Amino acid sequence: MGRMTEEDRRTRSGEIGPAEWLAMNRTGSFDWDLDRGTVDVDESGLLVFGLAPDAYDGRPVSLVARLDPAERIRLEQIVRRAVTGGKVAFTAHFPLPQGDGSVHWTHIQARILRSADGRARRIVGFVRDTTAEVTRFAFVQELEKQREVQTSIVERTTNALSRAVTVDDVTAALTGPGGLARLGADGLALGLVENGSLNIIALSGDSLDVFDDLRVRRIDRDLPLAEAVLSGRPRFVSSFPALARDFPRLAPYLERLEFRSACYLPLVAQARSLGGMALFYRGRTPFNPDERNLALGLSAIIAQSLQRAILFDEERELATGLQETMLPRRIPEITGGEIAVRYHAAWSGRQVGGDWYDVIALPRGRIGIVVGDVQGHDTHAAAIMGQLRIALRAYAGEGHAPSTVLARASRFLADLDTNRFATCTYAQVDLAGGTLRAVRAGHLGPLIRHTDGRVGQPKLRGGLPLGLATVFGDEEFPETRLDLVPGETLVLCTDGLVEQPGADIATGLAALSEAVSSGPPQAEALADHLSERLWERWGSGDDVALLVLRRSPDPGTHRAPRIHQYIHQADPQGLSDARAAVGQALRDWGMPELSDDAELLTGELLVNVLLHTEGGAVLTLEVLPEPVRRVRLSVQDRSSAWPRRRTPGEAATSGRGLLLLDALASRWGVEPRGEGKAVWCEIGPAPVPGDVPADGV
């Protein structure tokens with residue numbers, strides 16, 4: 001009996017040696033003799049290379065004969081760089097085709113044995129089949145990729161919906177640019193339950209317009225989306241023919257769709273069924289558990305967003321309805337002008353504000369106009385605004401002066417004991433004469449657009465806000481007189497129209513002036529223009545009340561033309577512009593021979609007003625009707641002091657204005673005009689006996 005070896009002893013005892021362990025793990029060893037050019041590979045190693053022991057000739061090239069040429073070159077370069085570069089070890093990983101056509105991944109881990117002089121003599125190491133590891137890695141990598149895609153879908157959808165405030169915002173986030181891509185779908189239908197019906201509020205995706213005639217239907221089980229809403233259970237569809245059998249009502253529409261699968265999801269938030277959502281896909285196969293969970297997660301996110309949006313829309317509708325009931329329902333018709341009013345509720349926030357406007361009919365054909373703002377943005381502010389508006393209207397209707405109206409309104413607000421104050425600008429307007437008596441209580445002053453498009457900001461002396469004025473015992477609201485020339489426009493607004501986030505209010509006022517100047521002349525059109533240019537750009541964060549008053553232009557007739565122009569006392573260019581306008585008008589009207597005299601007299605009359613009174617002047621130029629065509633100039637001002645005839649000395653620099661009138665005008669005179677006067681003159685042929693002036697004086 002021969003001697004028992006260590007391997008026989010391990011085999012009989014049931015132990016497994018290193019060679020068996022390597023073979024079980026599809027790992028073998030090799031010994032590459034670089035001097036002889038042969039590679040000794042054990043049976044396990046040959047199995048990894050896909051070779052039978054009796055078919056291997058010991059040559060290195062036989063081991064890699066099945067390798068793709070590019071992979072063979074790459075492997076040779078790895079070995080060459082390691083050998084010639086003085087390295088002691090290297091690794092390589094490459095796909096190795098097998099005899100049956102499959103591809104196994106192979107990993108080599110080798111050590112280079114060198115002689116004392118550093119020359120490589122042998123390469124020994126292990127070769128291992130890593131196909132299972134690579135396959136598992138690819139599977140895990142694909143799984144991670146799918147999870148990353150699903151996570152991205154949830155994150156992007158959540159981020160887009162986080163900025164949605166209204167139901168329109170939610171539908172825009174789902175159907176706008178990139179909406180379907182965020183959902184990972186090719187089509188979407190979104191419906192809300194309203195009064196027992198399922199109303200489709202959004203359709204997005206090619207061919208989904210076939211459902212247009214199904215947008216509003218009573219909720220029943222003849223359609224899959226309605227069935228999902230009623231049952232509260234989702235339906236995942238990977239076969240449209242099967243869906244058509246379950247829902248014959250839907251069959252004619254499915255034939256025209258460009259999709260292969262869909263999921264119908266109920267939208268439920270806090271146990272309330274809000275509606276349903278359908279997602280359509282072009283190439284999806286049956287939904288796996290992860291895809292189903294993703295769809296259910298999306299439906300929950302969208303349902304929560306819709307619930308918040310619906311609540312916001314309902315509260316906003318209630319708030320704006322309350323605000324609208326506090327504002328006047330009808331604006332009285334006026335003679336001699338046109339009025340446009342606008343109220344815009346803030347886009348952000350659920351609560352209403354205290355902004356208001358009003359137009360009040362006054363005795364003797366006058367009107368009162370007011371724009372104001374009660375402190376705060378809540379229903380309390382709106383309620384106070386309603387009370388204050390009615391009180392101010394009552395005080396104005398009694399015929400009190402503007403200063404008295406605001407003083408009484410301040411006391412009224414203080415007596416309410418609300419700890420709120422209000423700002424406003426109020427004016428009594430006489431459109432027949434073009435005069436305004438304006439007062440201001442801590443509010444923005446008006447803008448006036450002149451007939452040539454220039455916009456002025458007249459300085460209104462102001463008092464404290466209403467309520468505070470009474471608390472501090474200072475109910476002084478000084479009046480400022482303004483004049484509106486025919487064709488000029490007055491603009492009143494609250495600060496929501498001029499407050500730009502992050503900018504000084506002066507920037508907003510400059511933008512308002514530019515918009516008023518560039519806008520159309522008609523009151524309604526100008527109000528729309530200001531809303532579009534300003535409120536929709538930056539004023540949407542606050543309520544806005546806007547009032548535009550335009551005095552009707554007085555163009556005269558083709559036989560008796562007429563122009564009006566207001567010259568502000570603080571405008572140094574106004575005098576020159578007025579003279580030029582008079583001369584150009586007479587040349588346009590075919591009376592150039594009178595232009596020089598008219599320009600000279602215009603300057604004299606205006607200088608007298610601008611130097612010796614406290615306000616501006618209104619210039620009127622008209623051609624008196626035939627039989628004798630003459631030019632009539634009239635300059636109106638606020639002063640009650642009449643001009644005095646003087647005899648200036650030779651060195652005097654003033655006092656010759658009336659002498660020029662006597663010399664150049666065929667006649668002239670002075671007339672009282674309410675709180676002021678008008679100095680007029682006529683240029684042209686002398687009047688015939690019995691001729692009556694146009695004004696009857």
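Given the structure is predicted, the values throughout are model-derived calculations rather than measurements.
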Which of these, Val548, Asp358, Ile339, Ile334, sits in a side-chain contact (heavy atoms from CB on, under 4.5 Å) with Ile369?
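Option passing the side-chain contact (heavy atoms from CB on, under 4.5 Å) with Ile369: Ile339.
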So which of Ile505, Thr423, Val371 actually passes side-chain contact (heavy atoms from CB on, under 4.5 Å) with Leu444?
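Answer after filtering Ile505, Thr423, Val371: Ile505.
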Take Arg342 and Glu524 through the salt bridge (Lys or Arg N to Asp or Glu O under 4.0 Å) test and state the conclusion after the steps.
CA-CA 9 Å; Arg342 296 289 186 273; Glu524 289 287 344; 2.7 Å; yes
Checking [X] side chain against [Y] main chain: does a donor-acceptor pair fall under 3.5 Å?
X	Y	value
Asn288	Asp290	yes
Ser162	Asn159	yes
Arg72	Ala65	yes
Arg389	Gly372	no
Ser197	Val193	no
Ser552	Gly337	yes
Arg449	Val516	yes

Please tell me if the side chains of [X] and [Y] come closer than 4.5 Å, counting only heavy atoms from C-beta onward.
X	Y	result
Arg235	Cys263	no
Arg292	Phe236	yes
Thr175	Leu190	no
Leu512	Cys493	yes
Leu298	Leu265	no
Tyr357	Ile331	yes
Leu208	Phe280	yes
Thr489	Pro521	no

Quick check for you: to the nearest 0.5 Å, what is the distance between [X] atom [atom1] and [Y] atom [atom2]?
X	Y	atom1	atom2	result
Cys424	Leu392	SG	CG	6.0 Å
Leu267	Gln304	CG	CD	10.5 Å
Arg245	Leu250	CZ	CG	13.5 Å
Glu194	Asn199	CD	CG	4.5 Å
Gln109	Phe126	CD	CZ	8.0 Å
Leu274	Gln307	CG	CD	6.0 Å

Could you give me the CA-CA distance, side-chain angles and deciding distance for Ser305 and Arg308, then say whether side chain to side chain contact (heavy atoms under 4.5 Å, CB included) is met?
CA-CA 5 Å; Ser305 296; Arg308 293 193 304 268; 3.3 Å; yes
Return the minimal non-hydrogen interatomic distance between [X] and [Y], and the atom names on each side.
X	Y	value
Ser513	Leu447	OG-CD1, 3.9 Å
Val237	Phe287	O-CE1, 3.7 Å
Arg156	Ala181	NH2-O, 3.2 Å
Val48	Leu96	O-CD2, 3.8 Å
Leu67	Pro97	CA-CD, 4.2 Å
Pro520	Leu526	O-CB, 3.5 Å

Do the side chains of Asp206 and Arg282 get close enough for a salt bridge, i.e. N-O under 4.0 angstrom?
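Yes, this pair counts.
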Count the heavy atoms belonging to other residues, nucleotides or ligands that lie under 6.0 Å from [atom1] of [X], then report whether that count exceeds 12.
X	atom1	answer
Glu514	CD	yes
Arg272	CZ	no
Gln77	CD	yes

Can you see whether [X] engages [Y] through a side-chain donor-acceptor pair at a distance of less than 3.5 angstrom?
X	Y	value
Glu338	Gln522	no
Asp528	Ser531	no
His93	Thr106	no

Using distance only, find each side-chain donor-acceptor pair of residues 219-230 under 3.5 Å and give its atom names and separation, not counting sequence neighbours.
{"residue": "Asp220", "atom": "OD1", "partner": "Asp222", "partner atom": "N", "Å": "3.4"}
{"residue": "Asp222", "atom": "OD2", "partner": "Arg217", "partner atom": "NH2", "Å": "3.0"}

Starting from the C-alpha separation in whole Å, work towards a yes-or-no answer on side chain to side chain contact (heavy atoms under 4.5 Å, CB included) for Phe49 and Val127.
CA-CA 9 Å; Phe49 281 106; Val127 58; 3.8 Å; yes
Residue pair Tyr343, Asp543: steps toward the side chain to side chain contact (heavy atoms under 4.5 Å, CB included) verdict
CA-CA 7 Å; Tyr343 172 77; Asp543 296 350; 3.1 Å; yes
Would Leu279 and Tyr264 satisfy side chain to side chain contact (heavy atoms under 4.5 Å, CB included), going step by step from the backbone distance to the final call?
CA-CA 7 Å; Leu279 298 176; Tyr264 295 89; over 6 Å; no
Under the criterion side chain to side chain donor-acceptor pair (under 3.5 Å), which of Thr425, Asp355, Asp373 is the partner of Thr494?
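The option that passes is Asp355.
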Please list, chain by chain and in numerical order, all residues satisfying side-chain hydrogen bond (donor to acceptor under 3.5 Å, both in side chains) with Thr418, sequence neighbours excluded.
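For Thr418, no residue satisfies side-chain hydrogen bond (donor to acceptor under 3.5 Å, both in side chains) once neighbours in sequence are set aside.
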